[in-house]
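By convention in this document, chain letters (A, B, ...) are assigned in the order of the sequence lines, proteins followed by strands, and residues within each chain are numbered from 1.
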There are 2 protein chains.
Amino acid sequence: MPTQSRRERARAERHELILRTARELAESIGWGAVTTRRLAEAIDYSQPVLYGHFENMNAIADAVAIQGIEELIDVLRHARTSTPDATAGLNALAKAYLKYASNHPAVYEAIFVRPTDLEFASTDSPLLLKTAFAEFQAAIEPFAAGEDLETLTEVLWSALHGQATLSHASRLRPELSSARADLLVKVITS
Amino acid sequence: MPTQSRRERARAERHELILRTARELAESIGWGAVTTRRLAEAIDYSQPVLYGHFENMNAIADAVAIQGIEELIDVLRHARTSTPDATAGLNALAKAYLKYASNHPAVYEAIFVRPTDLEFASTDSPLLLKTAFAEFQAAIEPFAAGEDLETLTEVLWSALHGQATLSHASRLRPELSSARADLLVKVITS
DNA sequence: CTAGATTGTCTAGCAGTGCTAGGATTCGGG
DNA sequence: CCCGAATCCTAGCACTGCTAGACAATCTAG
């Protein structure tokens, strides 16, 4: 039955088209301006089509967030494991995190800033968040030195998250992003 | 002419009423649900009255933010200067910051999270932000130890901001807020 | 004290939002 | 070829921020 599968394939393609377009729109005009009408216009369908794929507009942003966190996990893992020693690994992880937030601000916003019931509601998102958390934990574990590892990980992640969001809101001097990451790592590892 | 002054007084009172009500509403139902109609209903006037006092809805949130940052500056200064030594001062400042964010999440959101053109546009808000920044700087200055003071201040503030926002978004274990602040201070001062 | 001007307030309405019900249209199976 | 089913769109609801214009209250001046 090639018919059914073709339909399903077309449907899956449109599903991805919606996500890709929503992400592009958000990155170019901001989530606040990503409306159902604009998004529908961009994919060349009427608004109700969106609701055949997602429960509501928020679910679309959540789906983008889940895609994003998967990307982010890869980025962090790669940064952490492709360095000679633990200190360089932590530094690379911090830089990679800030770079991702800076390069994909709308996706970062969807993951960590936008109001969402993603953390506890969805099925797989808590696992993804835990996986991302584990990357931070693995990177900082060599420097725990008697401190509670989980608490230290929360402190590290929060510190980077704060730099990412304040940086995006133009509250920090933009040219010193790297220096802040360096200093944070230095303070933690010393 | 007592007439004119009475009018001005009534107008100023209503101005404050709007701000107070907006703040209360935001703290109880969130900024997203603070609409012009609901706010007008709450102060027992029609919506257009709001626009006689503020340019738009965003300006109301900005005004709440300015009130909030003034409060926050006082809170930080008091925490910092009412301790025996510098380490205790920094710790008290960190705790006070997180406590304010936790006790007034909507105000904190108005100041630091909500999209706003407050930082550069308004006349007095940059000064207020700088004053708040100076409080952080004064608290951490004894521990700079050769590092660039301003960069270190940004790192401290970002770290606390990250803890405040992630905490509010239920991404951190709520009962360990104090432990995270302690650990952050310990890491910085050691 | 009254007439006119000014100030203040509200009703009604605009365009845009998320979301949905119902009809139209296209498609696949018999 | 025709009927049922899946698919899609038009139209509309209740809401949003914001504004124009009518109305009422108040102050000023004669």
Side-chain angles (χ1 to χ4, degrees), chain A residues 1-19 21-22 25-26 28-65 106 110 114-118 121, chain B residues 1-19 21-23 25-26 28-65 106 109-110 114-118 121:
Chain A
M1 255 168 239
T3 312
Q4 184 68 1
S5 68
R6 189 181 62 206
R7 276 195 174 175
E8 285 175 0
R9 216 179 324 123
R11 187 177 166 76
E13 272 174 24
R14 200 171 56 181
H15 190 93
E16 283 307 310
L17 174 63
I18 293 173
L19 284 185
T21 309
L25 269 180
S28 65
I29 60 178
W31 280 111
V34 180
T35 68
T36 55
R37 281 171 180 81
R38 250 191 283 263
L39 180 52
E41 166 90 6
I43 64 169
D44 217 63
Y45 284 96
S46 64
Q47 302 114 323
V49 167
L50 301 174
Y51 295 89
H53 288 267
F54 299 93
E55 194 179 350
N56 51 35
M57 191 64 214
N58 226 325
I60 297 179
D62 285 353
V64 171
R114 253 177 137 264
T116 169
D117 27 47
L118 192 139
Chain B
M1 255 171 234
T3 311
Q4 185 68 2
S5 68
R6 189 182 63 209
R7 277 195 174 175
E8 285 175 0
R9 215 180 324 124
R11 187 178 164 76
E13 272 173 24
R14 199 171 58 181
H15 190 94
E16 283 306 310
L17 174 64
I18 292 173
L19 284 184
T21 309
R23 177 171 172 163
L25 269 180
S28 64
I29 61 178
W31 280 111
V34 180
T35 68
T36 55
R37 282 171 180 80
R38 251 192 281 264
L39 180 53
E41 165 90 6
I43 65 170
D44 218 65
Y45 284 96
S46 63
Q47 302 114 323
V49 166
L50 300 174
Y51 295 90
H53 288 268
F54 299 93
E55 194 180 349
N56 51 33
M57 192 64 216
N58 226 326
I60 297 179
D62 285 353
V64 170
E109 186 182 341
R114 253 176 138 264
T116 169
D117 27 46
L118 193 139

Chemist: Which residues satisfy the salt bridge (charged side-chain N to carboxylate O under 4.0 Å, His left out) test with B:Arg23, sequence neighbours excluded?
Modeler: B:Glu71
Chemist: Return the minimal non-hydrogen interatomic distance between B:Ala22 and B:Val34, and the atom names on each side.
Modeler: O-CG2, 4.4 Å
Chemist: Under the side chain to side chain donor-acceptor pair (under 3.5 Å) test, which residues partner A:Arg14, sequence neighbours left out?
Modeler: A:His53
Chemist: Can you tell me if B:Trp31 uses its side chain to pair, donor with acceptor, with the backbone of B:Ala106 under 3.5 Å?
Modeler: yes
Chemist: Which part of the nucleic acid does A:Arg38 contact within heavy-atom distance under 4.0 Å: base, sugar-phosphate only, or nothing?
Modeler: sugar-phosphate
Chemist: Grab the CH2-P distance between A:Trp31 and C:dG18 for me, whole Å please.
Modeler: 12 Å
Chemist: In residues 46-57 of chain A, which residues come under 4.0 Å of DNA chain D by heavy atom?
Modeler: A:Ser46, A:Pro48, A:Val49
Chemist: How close do A:Ala110 and A:Ala61 get, heavy atom to heavy atom, and via which atoms?
Modeler: CB-O, 3.8 Å
Chemist: Atom CG of B:Leu19 and atom CD of B:Glu16: how far apart are they, to the nearest 0.5 Å?
Modeler: 5.5 Å
Chemist: Say you draw a straight line from CZ of A:Arg11 to NE2 of A:His15; how long is it, rounded to the nearest 0.5 Å?
Modeler: 8.5 Å
Chemist: Throw together a table of side-chain donor-acceptor distances under 3.5 angstrom for residues 36-51 of chain B, partners on residues two or more places apart or in other chains.
Modeler:
| from | atom 1 | to | atom 2 | distance (Å) |
| --- | --- | --- | --- | --- |
| B:Arg38 | NE | B:Ala33 | O | 2.7 |
| B:Arg38 | NH2 | B:Ala33 | O | 3.4 |

Chemist: What is the distance from OH of A:Tyr45 to P of D:dT10, rounded to the nearest Å?
Modeler: 14 Å
Chemist: With respect to the phosphate group of D:dC18, does any side-chain polar atom (N or O) of B:Thr36 fall under 4.0 Å of OP1 or OP2?
Modeler: no
Chemist: Separation of B:Asn58 atom CG from D:dT16 atom C1', in whole Å?
Modeler: 14 Å
Chemist: Find the distance A:Leu17:CG to D:dC8:C1' and express it as a whole number of Å.
Modeler: 16 Å
Chemist: Between protein and nucleic acid, restricted to nucleotides 5-7 of chain C and to nitrogen or oxygen atoms under 3.5 Å apart, what atom pairs and distances do you find?
Modeler:
| from | atom 1 | to | atom 2 | distance (Å) |
| --- | --- | --- | --- | --- |
| C:dT7 | O3' | B:Arg7 | NH1 | 3.4 |

Chemist: Rounded to whole angstroms, how far apart are CD on A:Glu41 and C1' on D:dC9?
Modeler: 14 Å
Chemist: Would you say a side-chain N or O of A:Arg11 is under 4.0 Å from OP1 or OP2 of D:dC8?
Modeler: no
Chemist: Give, for atom OG1 of B:Thr35 and atom CD1 of B:Ile29, the distance between the pair rounded to the nearest 0.5 Å.
Modeler: 7.5 Å
Chemist: Tell whether A:Arg37 reaches the base of C:dG16 with its side chain through a donor-acceptor pair below 3.5 angstrom.
Modeler: no
Chemist: Tell me the interatomic distance from A:Asp44, atom CG, to D:dT7, atom C1', rounded to whole angstroms.
Modeler: 16 Å
